[in-house]
Amino acid sequence: MISNIIFLVVALVGIGLFVWQIRKIVSNINMGRDKTISGDVSQRINTLLLVAFGQQKMFKRPLPAVLHLFVYIGFIVINVELIEILIDGVFGTHRILGVLGPVYSVLMAINEVLGLLVIIACVIFLARRNLTKVPRLTRGPEMRAWPKMDANVILITEIVLMLALFAFNIADQKLAQLGGHQLPGDFPVSGLMVDLFGSDVSTLQVIATTGWWVHIVGILAFMNYLPSSKHFHIITSFPNVYYTKLEPKGQFSNVESITHEIKAMLDPSYVVPPAPEGVDPQKFGAKDVEDLTWKQLLDSYTCTECGRCTSVCPANLTGKLLSPRKIVMDTRDRMEEKGESPLIFNPAKYTEESERVKATEERTLLRGYVTPEELWACTTCNACVESCPVNINQLSTIIDLRRYLVLEESAAPASLNTMFNNIENNGAPWAFSPSDRFNWADDLYTVSKN
């Protein structure tokens with residue numbers, strides 16, 4: 001009875017802290033501008049099933065895709081045993097779902113096979129990060145102390161959780177054998193190691209109890225670690241993919257106030273809608289996180305820090321400063337600096353200010369975290385958007401920051417300012433009078449006659 005009460009208190013505290021952190025994250029995301037996202041619901045659901053549930057874009061790189069699939073499916077299926085542990089912990093039962101009979105046996109067998117695959121996948125992922133040092137996982141100014149530590153903590157924790165579950169199953173089966181009864185379920189992995197811990201009943205009881213508690217408390221602790229971790233994408237990737245931009249990737253959004261002004265110039269009868277009372281005029285572009293939309297801020301919480309975007313960025317590949325992954329991570333860091341930091345784990349204390357690429361000490365996203373040099377290196381090719389496995393739109397944030405530079409500060413590069421002046425004066429990007437625009441045709445006609 002006492003153990004049940006202790007378990008209930010631990011579970012309630014763990015779940016309560018998690019909900020508290022989620023409320024902080026929702027508050028941070030709501031810091032952004034409101035944006036109505038509509039579109040074909042059936043297309044959104046199809047995208048959700050293919051990209052978020054089906055891991056479609058992961059399979060552009062087969063090896064990590066297969067390994068990630070093991071971890072992903074294992075995470076889903078192992079939750080069945082988690083449900084059983086929660087019920088047993090609250091009501092003092094033991095393997096309550098065993099009443100499902102053959103269904104339970106199949107679930108436990110799949111559970112164990114996937115648990116083993118999860119351990120293998122995590123060990124390989126650890127080797128890729130720390131031994132072979134895959135460039136996209138280790139290089140870049142954004143991949144310093146915290147991101148490296150975070151990735152290793154996640155992988156090691158998952159291995160420990162699986163080993164604790166196997167220890168519980170092994171000791172539980174041996175205790176059942178010594179007690180002369182059959183444990184419900186099939187255990188193809190731990191069943192092969194049933195004699196691993198010997199036959200001392202008291203030792204087996206300690207191992208079984210320890211494995212059971214380490215697994216459930218570890219899951220609760222891991223759950224509260226998620227809001228501070230890149231692994232939070234296991235929650236945010238689903239809404240983020242659902243609200244994916246359905247328009248063509250190269251189609252930019254228009255600034256509403258400019259659209260009204262142009263319509264009024266083209267049609268004198270057009271009536272510009274009055275600005276809402278009590279609402280400050282919207283900036284052209286974005287200088288800080290509150291100028292971005294809630295979807296762009298949700299993007300930053302969905303980043304897996306996998307570096308696929310940066311690894312295909314032509315600007316980054318040619319040695320320029322731009323890293324799309326850094327833009328997204330900077331947005332998240334600035335949002336938590338200005339809003340509410342994670343409740344328990346604070347990544348900021350693991351990140352030195354010297355690791356930032358700064359143009360000034362201005363405490364805004366633009367220049368405080370992201371420099372104009374990074375932004376103007378972007379070719380708007382959408383390679384980063386296409387490669388992202390969770391459909392983050394890095395380009396939308398880059399474009400909004402550049403819009404602020406151009407429309408609010410007139411801080412475009414000299415070459416662009418020349419083009420803007422030519423368009424304004426000549427109606428074309430070139431420094432020729434409109435009356436001279438077809439001189440080439442006259443010259444061609446003269447040459448053809450001769």
(message) Holding to salt bridge (Lys or Arg N to Asp or Glu O under 4.0 Å), I want the full list of residues that pass it with Lys148, two or more places apart in sequence or in another chain.
(response) none
(request) Might you work through the salt bridge (Lys or Arg N to Asp or Glu O under 4.0 Å) test for Glu305 and Arg332, ending with a clear yes or no? (result) CA-CA 12 Å; Glu305 300 176 11; Arg332 182 182 61 210; 2.6 Å; yes
Spacing of [atom1] belonging to [X] relative to [atom2] belonging to [Y], to within rounding of 0.5 Å:
X	Y	atom1	atom2	value
Asn316	Arg136	CG	CZ	13.0 Å
Leu163	His215	CG	NE2	11.5 Å
Cys384	Asn382	SG	CG	6.5 Å
Trp430	Ile423	CH2	CD1	9.0 Å
Leu317	Ser311	CG	OG	7.5 Å

Salt bridge between [X] and [Y], side-chain N to carboxylate O under 4.0 Å?
X	Y	value
Glu408	Arg403	no
Asp291	Lys287	no
Glu337	Arg363	yes

(message) In the structure I gave you, are the side-chain heavy atoms of Val113 and Pro188 within less than 4.5 Å of one another anywhere?
(response) yes
(request) Would you indicate whether the side-chain heavy atoms of Arg44 and Val41 approach each other to under 4.5 Å? (result) no
(request) May I have the step-by-step check of salt bridge (Lys or Arg N to Asp or Glu O under 4.0 Å) for Lys326 and Asp330, ending in yes or no? (result) CA-CA 6 Å; Lys326 177 182 175 295; Asp330 284 346; 2.5 Å; yes
(message) Can you confirm whether Phe166 is buried at CZ, in the sense that more than 12 heavy atoms of other residues, nucleotides or ligands lie under 6.0 Å from that atom?
(response) yes
(request) Take atom NZ of Lys35 as the centre, draw a 6.0 Å sphere, and report whether it contains more than 12 heavy atoms from other residues, nucleotides or ligands. (result) no
Check whether any side-chain N or O of [X] sits under 3.5 Å from a backbone N or O of [Y] as a donor-acceptor pair, and report yes or no.
X	Y	answer
Lys57	Glu386	yes
Glu374	Thr371	yes
Gln394	Pro324	no
Asn425	Asn421	yes
Asp88	Ile96	yes
Thr331	Ile327	yes
Arg402	Leu375	yes
Asp40	Ser42	yes
Thr293	Arg33	no
Asn426	Ala428	no

(request) Would you tell me whether Asn391 and Thr244 have side-chain atoms, one donor and one acceptor, within less than 3.5 Å of each other? (result) yes
(message) For Glu409 and Arg367: C-alpha separation, side-chain torsions, deciding distance, then whether salt bridge (Lys or Arg N to Asp or Glu O under 4.0 Å) applies.
(response) CA-CA 13 Å; Glu409 297 184 348; Arg367 291 195 173 90; 2.9 Å; yes
(request) Go through the steps to decide whether Lys320 and Glu373 satisfy the test salt bridge (Lys or Arg N to Asp or Glu O under 4.0 Å), and finish with yes or no. (result) CA-CA 9 Å; Lys320 296 180 177 65; Glu373 184 182 352; over 6 Å; no
(message) For Ser323 and Glu142: C-alpha separation, side-chain torsions, deciding distance, then whether side-chain hydrogen bond (donor to acceptor under 3.5 Å, both in side chains) applies.
(response) CA-CA 9 Å; Ser323 168; Glu142 69 273 22; 2.8 Å; yes
(request) Starting from the C-alpha separation in whole Å, work towards a yes-or-no answer on side-chain hydrogen bond (donor to acceptor under 3.5 Å, both in side chains) for Asn28 and Tyr301. (result) CA-CA 10 Å; Asn28 287 345; Tyr301 270 118; 3.0 Å; yes
(message) With side chain to side chain donor-acceptor pair (under 3.5 Å) as the test, pick out the partner of Asp299 among Asn240, Thr236, Thr397, Asn393.
(response) Asn240
(request) Compute the ring centroids of His231 and Tyr225, then answer whether they are less than 6.0 Å apart. (result) no
(request) Verify whether the ring centers belonging to Phe168 and Trp213 lie closer than 6.0 Å. (result) no
(request) Give the minimum heavy-atom separation between Pro372 and Leu405, together with the two atoms involved. (result) CB-CD1, 4.0 Å
(request) Taking all non-hydrogen atoms of both residues into account, name the closest pair between Lys60 and Ser387 and its distance. (result) NZ-CA, 4.4 Å
(request) Given side-chain hydrogen bond (donor to acceptor under 3.5 Å, both in side chains), test Arg325 with Thr304 step by step and report yes or no. (result) CA-CA 9 Å; Arg325 173 175 59 188; Thr304 68; over 6 Å; no
(message) Going by the rule side chain to side chain contact (heavy atoms under 4.5 Å, CB included), which residues pair with Glu247 if we only count those two or more places apart in sequence or in a different chain?
(response) Lys245, Gln251
(request) Please list all pairs passing the ring pair (Phe, Tyr, Trp, His ring centres under 6.0 Å) test where one or both residues lie in residues 24-64, with sequence neighbours left out. (result) Phe53-Phe238
